Amino acid sequence: MTAVLAARAAVGPRLEVDLDAVAANTRLLAALTPGALMAVVKADGFGHGATGVARTALAHGASWLGVTSIAEALALRAADLRAPLLSWLNPVDADYVTAVGSHVDLAVPSLAHLDALTRSVTGARVHLHLDTGMARDGAAPEEWPALCRAAGRAERAGALRVVGVMGHLGCADVPDDPANAAGRAVFTWGVEVARAAGLRPPLRHLAATAATLTDPASRHTMSRVGAGLVGIDPSGTTRLSPALTLTAPVVSTRRVPTGASVGYGHAWYADRPTTLALLPLGYADGLPRSTAGHAQVWLAGRRRRVVGRVSMDQVVVDLGDDAVLPGTVATVFGPGHQGEPTVAEWAGWADTIEHEIVTGIGARVARS
Ligand SMILES: *Cc1c(COP(=O)(O)O)cnc(C)c1O
């Protein structure tokens, strides 16, 4: 018993990634995609570990990798991932030389980017990025014809190759939203403008997870899917497999009398004698402070309320009259199979989306 406790106690908060779940999600999404499937592994694979998610996705139906920054792309290359790889969000003066030298495709969202790219390197593989309605990344439709003409000239001069046209839908999580048809129409127009400029990009990609799951007309020749790989369906239409489990061992327990108050601001007090358990993770580890009053964990066979405020490094859990040994492992969230809270529930308690929870787990939480 002592040895078991000691072994458990040596393990702090831990994030486990279920790559079998990622594999199953990838297969489901690949089956829906008539063209290629790009595994989007930005933000460390949505907090699930970029290289593990990338390897798994490539083994189960994805043939491309996608990230935002060149730094993320280079990290994948350094991990010996050699699949076609796109980086789509970079400042004008990004290190294009290193990117092209590492066979990283680059999205070009403006004339300024095209200009900087052609000045710094020859031989880039480019995906022209059109804003299809979000007023965010990508060239505005007013700039698009000029961008396509300039890219056509650069291609004919042998400076680069335009291999793709990309857009992104802002409301695909609501399949009925009229903005989806409008975005698709802008994209179709953008592809025609590119053709009229003499470009023949074989890759045309608009859909992310939600559109891939709900909107066949958006799928074109490739889908860029991130959230879905890790079990998040923004459209709420499809049962995917969540891939993360966050656990933490009980550091200590204490019996407190009626009236005992807990944590900063004494925001919760015991209205009866009760036993409290301390868990060593808090908002620095990704438990949103805004979940106070709602959050639960799974501990010793049932759900327990988190009481008082979420501190930076710790939370307190109400055990009632149950006894739990220090070292007992609590499950903060998991796939929900045992009754433990899910990431979706934590997102609801924090009034946010699952993406923010899974990408927000702090660096000091051990990964396995
Ligand atoms: C993050 C991102 C994706 C992936 O979106 P999911 O909804 O997570 O599949 C695709 N394209 C762009 C431009 C993105 O930023």
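Count residues from 1 along the sequence. All values below were derived from every heavy atom in this structure, side-chain atoms included, with hydrogens, water molecules and symmetry-related copies excluded. Because the structure is predicted, anything quoted here is derived from the model rather than measured. Just so you know, ligand 1 is whichever comes first in the structure, and atom 1 is the first atom listed for that ligand.
- Remark: ligand 1 and Ala210 share no N or O pair separated by less than 3.5 Å (distance only, no angle test).
- The closest side-chain donor-acceptor pair between His127 and His205 falls under 3.5 angstrom.
- There is no side-chain donor-acceptor pair under 3.5 Å between Thr258 and Arg272.
- Under the 3.5 Å distance criterion, with hydrogens and angles disregarded, no donor-acceptor pair is assigned to the side chains of Asp313 and Ser311.
- The protein non-hydrogen atom at the shortest distance from atom 12 (C) of ligand 1 is Trp88 CZ2, 3.4 Å.
- With ligand atoms numbered from 1 in the order given, ligand 1 contributes 9 (O) to contacts under 4.0 Å with heavy atoms of Val225.
- When hydrogens are left out, the protein atom nearest atom 5 (O) of ligand 1 is Ala208 CB, 3.4 Å; that is the closest non-hydrogen contact.
- Between Ala347 and Ile353, the closest heavy-atom pair is CB-C, 3.6 Å.
- Applying the 4.0 Å criterion to heavy atoms of Phe46 picks out, from ligand 1, the atoms 8 (O).
- The N/O atoms of Ala227, backbone and side chain alike, include one that comes under 3.5 Å of an N/O atom in ligand 1.
- A heavy-atom distance below 4.5 Å is not found between the side chains of Met312 and Tyr264.
- The residue among Lys42, Arg224, His355, Arg136 with a heavy atom at the shortest distance from atom 1 (C) of ligand 1 is Lys42.
- His266 and Ser261 share a side-chain donor-acceptor pair at under 3.5 Å.
- Among all protein heavy atoms, the one lying closest to atom 9 (O) of ligand 1 is Thr209 OG1, 2.5 Å.
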